[in-house]
2 protein chains.
Amino acid sequence: MEAKQDKNNEEMLNAIINNQPPEEVLYEVAELFKVFGDSTRIRILYALFGNELCVGDIAEVLNMSQSSVSHQLRILKDAKLVKFRREGKSIFYALDDDHVYHIMEMGMEHVEE
Amino acid sequence: MEAKQDKNNEEMLNAIINNQPPEEVLYEVAELFKVFGDSTRIRILYALFGNELCVGDIAEVLNMSQSSVSHQLRILKDAKLVKFRREGKSIFYALDDDHVYHIMEMGMEHVEE
DNA sequence: CTAACATATGAGTTATTATTCATATGAACG
DNA sequence: CGTTCATATGAATAATAACTCATATGTTAG
C-alpha cells in the first residue's frame, strides 16, 4: 500500500517536473520581477506612468541624486521596461510598452486589498 | 522665456509629485515584486501552479534542500502568495489566489517575446 | 510516553546589490 | 575650440538576502 502510494506520488512529481517551464525561462521571469522589486525603481516607474521625463526631473521628483537615478535607469533600460530619446542635452525616458503598465497595475491591485 | 519655461516645468513636476501614489504603497508594491524576483521562489510558485504540494515534494521537484525551501515558503506565506493546510504530518501548500496566477502569467508573457 | 517523521527556525557565512563620490562622455552654444 | 550643462559610469562601501548546518517544534504511530 505504502509502496503503491509512493510510486503514484513519484509519478505525479515526475509529471510536475516535466511540465515545468524551462529552467532558463523561470530564471528570466525572476530577473524581470527583480527589476520591479526595488522601491527606487518602482518610484521611477510610477513617476513615468503617463509622463515622459528627463533624468534630472526624475531625480527631482524622487528627491534623489542624479547618479543613483541614472544607475537605476540603466537597469530599467536593460530590462526593456523604459525607452528613451535624446533631445538636445537632455535624455527623456518613458515606459516602454503596455506590459509594463499592466504589471504595475497588477502589483498595485494586489497591494490595495 | 527661460524663466517662464522653468516655472512651467516646476509646476509640472509638482503636479507629478502630488499625483504619485503614497510612498508606503510604492514601497509595498516593490516588496511584493521582490518576492517574485528570486528564482527559487519563482520555481516554487510554478511548481504550485495548479498543484497542491507538501514541502518535501517541493524540495524534490526543485532538487533543493528542505531547509531552503522552507525558508522561502515562509517568505511566500508572509507575502500572502501561498496558502497552506496541514494533513497529518505534512503541510500542503498552494497558490493563494487568482492575483498570483495573473502576475505569474504576465511575467511569463513579458519574457516570452 | 516515546520514537520517527515532516516542517520550521536561528545563527553564521557568502553573495548580491544599491548608493555615494569622483570622473568621464557627449551635446550645445558663444 | 573650449566651456557649460545633462547624463553615464567605475570603484568602493554598506546594506540585503539566500543558503547551509544544526536544532527545535509539532504530529502520528506504536
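All values below were derived from every heavy atom in this structure, side-chain atoms included, with hydrogens, water molecules and symmetry-related copies excluded. A note on names: the letters A, B, ... follow the listed sequences, proteins ahead of strands, and every chain is numbered from 1.
At the heavy-atom level, S90(B) lies under 4.0 Å from the strands shown only through sugar-phosphate atoms. Among the protein residues, F84(B) comes within range of no part of the nucleic acid, since none of its heavy atoms lies under 4.0 Å from any strand. Heavy atoms of S67(B) sit under 4.0 angstrom from at least one base atom. I75(A) comes within 4.0 angstrom of the backbone, heavy atoms only, and of no base.
With sequence neighbours left out, the ring-ring contact (aromatic ring centres under 6.0 Å, His included) criterion links F33(A) to F33(B), F36(B). E112(A) pairs by the salt bridge (charged side-chain N to carboxylate O under 4.0 Å, His left out) definition with nothing, not counting sequence neighbours. For the side chain to side chain donor-acceptor pair (under 3.5 Å) test, residues two or more places apart in sequence or in another chain that qualify with Q72(B) are R41(B). E24(A) pairs by the side chain to side chain contact (heavy atoms under 4.5 Å, CB included) definition with P22(A), E28(A), not counting sequence neighbours. For H99(A), the side chain to side chain donor-acceptor pair (under 3.5 Å) partners are E109(B), E113(B), not counting sequence neighbours. Every ring-ring contact (aromatic ring centres under 6.0 Å, His included) that F84(A) has, sequence neighbours left out, goes to Y93(A). The side chain to side chain donor-acceptor pair (under 3.5 Å) check on E52(B) picks up R85(B), with sequence neighbours excluded. Evaluation of the side chain to side chain donor-acceptor pair (under 3.5 Å) rule for E31(A) yields K34(A) as partners, not counting sequence neighbours.
Each end of the helix from dC1(C)-dG30(D) to dG30(C)-dC1(D) gets its own axis from five base pairs, and the two axes differ in direction by 20°, given to 10 degrees.
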* Asked: Reading nucleotides 24-30 of chain D from the 5' end, what letters show protein touch, with B for base, S for backbone sugar-phosphate only, - for no heavy atom under 4.0 Å?
  -> --SBS--

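Of all nucleotides in DNA chain C having an atom under 4.0 Å from a heavy atom of chain A, the first and last in 5' to 3' order are dT17(C) to dA28(C).
Close to dC5(D), at under 4.0 Å from its OP1 or OP2, lies no side-chain N or O of Q66(A).
Placement of V29(A) and Y27(A) in two distinct hydrophobic clusters is found when ILVMFWY residues are connected by side-chain heavy-atom separations under 4.5 Å, directly or transitively.
Looking at which nucleotide of DNA chain C each of S65(A) and G56(B) is closest to, the 5′-most match is held by G56(B).
Listed in residue order, the members of residues 24-48 of chain A having a heavy atom less than 4.0 Å from DNA chain D come to none.
Here I58(A) contributes atom CD1 and F92(A) contributes atom CZ; the two are 10.0 Å apart, rounded to the nearest 0.5 Å. Interatomic distance, H110(B) NE2 to D98(A) CG, rounded to the nearest 0.5 Å: 11.5 Å.
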* **Trace of the side chain to side chain contact (heavy atoms under 4.5 Å, CB included) decision for L48(B) with V100(B)** => CA-CA 11 Å; L48(B) 295 177; V100(B) 180; over 6 Å; no

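Residue-environment remark: CG (N18(B)) exceeds the threshold of 12 foreign heavy atoms within 6.0 Å.
Distance H71(B) NE2 to dC21(D) P: 12 Å, rounded to the nearest Å. Taking atom CG of residue L73(B) and atom P of nucleotide dC19(D), one finds them 12 Å apart after rounding to whole Å.
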